[in-house]
Peer 1: 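After the C-alpha cells below, expect a handful of questions from me.
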Amino acid sequence: MTKDKLKEVMVFNAVQLEKELAPIRKELAEAKKSTPNAKINPQVIIDLQQKISDAVRARFGFSDEQVMAAVDKFGAKEDPGFKDVLARITNTLNNALST
C-alpha cells in the first residue's frame, strides 16, 4: 500500500462512516424524545465498523490489519497530510456518540 492509497482508503472510511451513522443518529434523536438518556447500543458501532471493514476489503482488497500497519508505517497519525481525514473520522464518531 502506498501513502496515497492509504489516504484514499481513509477518505473512503470517513465517507462510509458519515453515510452509515446518519440514520443511526436520526434514530437516536427520535428515541431521545421519549427517553432523554437514550444511547447508541455499542454493538451497533461494532457492527458498523465491521461493515465498513468489509467494504474496504471489497473495494481495495485491504484488511483492517493492513490498513493499521500502513497507518503506522507512514506515520499517518502525525502526518499533516492526514490531519483533515483523521479529524473528519474523529468528529463523525464523537458527534454520533454524543448525540
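In what follows, every heavy atom counts, from backbone to side chain, and hydrogens, waters and symmetry copies are set aside.
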Peer 1: With rounding to the nearest 0.5 Å, note down the distance linking CZ in R25 to CD in E20.
Peer 2: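 Going from the CZ atom of R25 to the CD atom of E20 covers 14.0 Å.
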
Peer 1: Under the 3.5 angstrom rule, does the side chain of Q16 hit a backbone N or O of N13 as a donor-acceptor pair?
Peer 2: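 No.
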
Peer 1: Nearest 0.5 angstrom please: M10 CE to L17 CG, how far?
Peer 2: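 Spacing of CE (M10) from CG (L17) equals 12.0 Å.
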
Peer 1: Say you draw a straight line from CG of D54 to CG of D64; how long is it, rounded to the nearest 0.5 Å?
Peer 2: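 The CG atom of D64 is 8.5 Å from CG of D54, to the nearest 0.5 Å.
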
Peer 1: If you compare all heavy atoms of L86 against all heavy atoms of A76, which two are closest, and at what distance to 0.1 Å?
Peer 2: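 So the minimum-distance heavy-atom pair works out to CD1-O, 3.4 Å.
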
Peer 1: Over all heavy atoms of both residues, which pair between D79 and F74 is shortest? Give the atoms and the distance, please.
Peer 2: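 Closest heavy-atom pair between D79 and F74: OD2-O, 4.2 Å.
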
Peer 1: Whether the side chain of S34 engages the backbone of A31 through a donor-acceptor N/O pair (distance < 3.5 Å, no angle test) should be reported.
Peer 2: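 The answer is yes, because a donor-acceptor pair under 3.5 Å joins these two groups.
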
Peer 1: L21 pairs by side-chain contact (heavy atoms from CB on, under 4.5 Å) with which of N95, L48, L28, V44?
Peer 2: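 Of N95, L48, L28, V44, side-chain contact (heavy atoms from CB on, under 4.5 Å) with L21 is met by L48 alone.
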
Peer 1: With a 4.5 Å limit on heavy-atom distance, are the side chains of M1 and V67 in contact?
Peer 2: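 Answer yes - side chains close enough.
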
Peer 1: I would like to know whether V15 and R88 meet side-chain contact (heavy atoms from CB on, under 4.5 Å); could you show each step before the answer?
Peer 2: CA-CA 9 Å; V15 169; R88 184 175 175 184; 3.4 Å; yes

Peer 1: Tell me, do E27 and E30 make a side-chain contact under 4.5 Å, heavy atoms counted?
Peer 2: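 Not touching, per the 4.5 Å side-chain cut-off.
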
Peer 1: Would you check if K5 and F62 make a side-chain contact, meaning some heavy-atom pair closer than 4.5 Å?
Peer 2: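 Yes, their side chains come closer than 4.5 Å.
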
Peer 1: Say you draw a straight line from CZ of R59 to CD1 of I52; how long is it, rounded to the nearest 0.5 Å?
Peer 2: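 Here the rounded value is 13.0 Å.
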
Peer 1: Out of curiosity, L6 CG to M68 CE, how far, rounded to the nearest 0.5 Å?
Peer 2: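 That separation rounds to 9.5 Å.
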
Peer 1: Once rounded to the nearest 0.5 Å, what's the spacing between atom CD of Q50 and atom CD of Q43?
Peer 2: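 That separation rounds to 10.5 Å.
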
Peer 1: Look at the side chain of K7 and the backbone N and O of G81, then say whether any donor-acceptor pair between them is shorter than 3.5 Å.
Peer 2: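 Yes; judged by distance alone, with no hydrogens or angles, the pair exists.
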
